[in-house]
Amino acid sequence: MSRNDATAGRANWGGVLAMTLCVFALIASEFMPVSLLTPLAEDLGVTEGLAGYGIAISGAFAVLTSLSISRLAGNMDRRTLLLILTALMAVSGVVVALAPNYPVYMTGRALIGVVIGGFWSLSAATAMRLVPAAKVPRALAIFNSGNALATVVAAPLGSYLGGMIGWRGAFLCLLPVAAIALAWQWLCLPSMPAESAQSQGGLVALFRRRLVAIGMLACGAFFMGQFALFTYVRPFLERVTSAGTSAVPLVLLAIGVSGFVGTLVIGAFIRRGLYRTLVIIPALMALIAVALVALGPHLWPTAALLSAWGLLATAAPVGWWSWLARTFTDNAEAGGGLMVAVVQCSIALGSTVGGLLLDSVGFASTFLASAGLLLIAALLAYVTAAGAAAPSGPAVAAEGRG
């Protein structure tokens, strides 16, 4: 589709919902090993650490794919590309579920990484083709609601299914969801010809644009700060808050549920002020991180703070994807690939830094470092907003419009 339908005001919400179901299946597939690590490792004859690398390899392949998907896909219709990626997600699930050994398991996990990188790189560009510009933030919020819902249900559902039908059966249960998503996309997604080679541009060229460089740094600092803390929430609850085995899952569930709510309401705030939202969210999260250091030993205040954290943290990516759609109006695929790479690398770096601080100093240092990174993200988002508003040339003016 050439965006004629979208620009004419005819939103393709069926296509948006089909993409959302695909997001749900994708995120559930990505994080399913978390709740099945022990039986999976025992069955494959490896340590839990080696089995956990199945998540690391998916992240690595997501980065590689996100940086190359537009160039490798060439002139392929993006509808066809999305259908291929969805089918590849189903193939990945079969490979993992039937893996006779560790190398085959890792191959399946690499395949899901390819789907993650490709799908998220195309998500903003696809939303821009499915709905009018004014409704893009809403479409992206619906996409991310699939992400949030999968985050809520994937771990407990995976654990339950693993106990009932085994870890292989749990992975196979995702196949019907992937099949429905594939059929739905087939029916609802319009033809989406590739953007011209001129509009896609190079990644290096994108970074030469000051607004892009600072915005990506702000996005990266946000995800570093978020995952420096969030990666270690469970041990924090167990060791500092002294939450029991029944309380920890409930707090984690509260984080997930509030995150789902966040994706439903964030669109209204973005419409009122995108950059204001991108500044306020990390600033509030920094305050929560500091408050957790002081109130960590108390269960109910900690649960309330973490619920607020989930509300903000899960909604924030909608804001950054909306920024991408507004900034990369002429090359959203290249911008999407760049953002996926920045986010994945920042998550890995943030969780690593947080772990090093936790092991060497303790939880307080990890949470305060998270707060510092989030404040840097807020500052960089403010600078990005100032750059978008500044009338310093046609390119920047076009980026800052709206």
Side-chain angles (χ1 to χ4, degrees), residues 27-28 30-39 48-49 51-52 55-56 147-160 162-163 222-263 281-282 284-317 347-374:
I27 300 303
E30 181 182 6
F31 292 108
M32 186 69 82
V34 172
S35 58
L36 300 169
L37 211 57
T38 300
E48 291 182 353
I55 294 176
N147 182 353
L149 183 60
T151 303
V152 172
V153 305
L157 183 61
S159 179
Y160 173 77
F222 171 80
F223 281 96
M224 279 185 63
Q226 177 187 350
F227 281 88
L229 185 152
F230 185 67
T231 305
Y232 306 101
V233 161
R234 178 157 190 160
F236 176 80
L237 289 170
E238 292 171 341
R239 300 179 200 170
V240 177
T241 311
S242 299
T245 54
S246 59
V248 170
L250 290 176
V251 174
L252 295 177
L253 179 63
I255 295 172
V257 171
S258 62
F260 180 73
V261 173
T263 63
I281 285 180
L284 290 176
M285 289 174 64
L287 291 176
I288 292 172
V290 173
L292 283 169
V293 175
L295 299 175
H298 307 285
L299 177 59
W300 289 109
T302 296
L305 288 169
L306 287 175
S307 296
W309 173 281
L311 180 78
L312 297 167
T314 310
I347 289 172
L349 187 57
S351 59
T352 300
V353 170
L356 290 173
L357 289 171
L358 176 61
D359 290 340
S360 59
V361 185
F363 282 103
S365 64
T366 298
F367 283 32
L368 291 176
S370 169
L373 287 167
L374 289 166

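Just so it is clear, the values below take in all heavy atoms, side chains as well, and ignore hydrogens, waters and symmetry mates.
- With sequence neighbours excluded, the residues forming a side chain to side chain contact (heavy atoms under 4.5 Å, CB included) with Ala315 are Ile266, listed by chain and number.
- Remark: Thr302 pairs with Phe236, Leu237, Thr241, Leu292, Leu306 by the side chain to side chain contact (heavy atoms under 4.5 Å, CB included) rule, at least two apart or across chains.
- In this structure, Tyr232 contributes its side chain and Thr366 its backbone to no donor-acceptor pair below 3.5 Å.
- The CD atom of Glu30 sits 5.0 Å away from the CD1 atom of Ile27 when rounded to the nearest 0.5 Å.
- Taken from CG in Leu252 to OG in Ser307, the straight-line distance is 10.0 Å, to the nearest 0.5 Å.
- Legend: residues meeting side chain to side chain contact (heavy atoms under 4.5 Å, CB included) with Ala247, ordered by chain and number and at least two apart, are Ala243, Leu299.
- For the atom pair Leu368 CG and Leu373 CG, the distance stands at 11.0 Å (nearest 0.5 Å).
- Here Leu295 contributes atom CG and Ile288 contributes atom CD1; the two are 11.5 Å apart, rounded to the nearest 0.5 Å.
- Note that CZ of Phe367 is 4.0 Å distant from CG of Leu229, once rounded to the nearest 0.5 Å.
- Taking the side chain to side chain contact (heavy atoms under 4.5 Å, CB included) definition, one finds that Met285 meets it with Phe222, Gln226, Ile281, Trp309, Leu312, Ala313, Leu374, sequence neighbours left out.
- Distance alone, capped at 3.5 Å, places no donor-acceptor pair between the Thr314 side chain and the Leu311 backbone.
- Annotation: salt bridge (Lys or Arg N to Asp or Glu O under 4.0 Å) contacts involving residues 238-255, sequence neighbours excluded, comprise Arg234-Glu238.
- The shortest side-chain heavy-atom distance between Val290 and Val293 does not fall under the 4.5 Å cut-off.
- Here the closest heavy-atom approach between residue Ala371 and residue Ala289 is recorded as CB-CB, 4.0 Å.
- The closest side-chain heavy-atom distance from Pro317 to Phe223 is below 4.5 Å.
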Check: residues 354-364 side-chain donor-acceptor pairs under 3.5 Å, at least two apart:
| from | atom 1 | to | atom 2 | distance (Å) |
| --- | --- | --- | --- | --- |
| Ser360 | OG | Leu356 | O | 2.8 |
| Ser360 | OG | Leu357 | O | 3.4 |

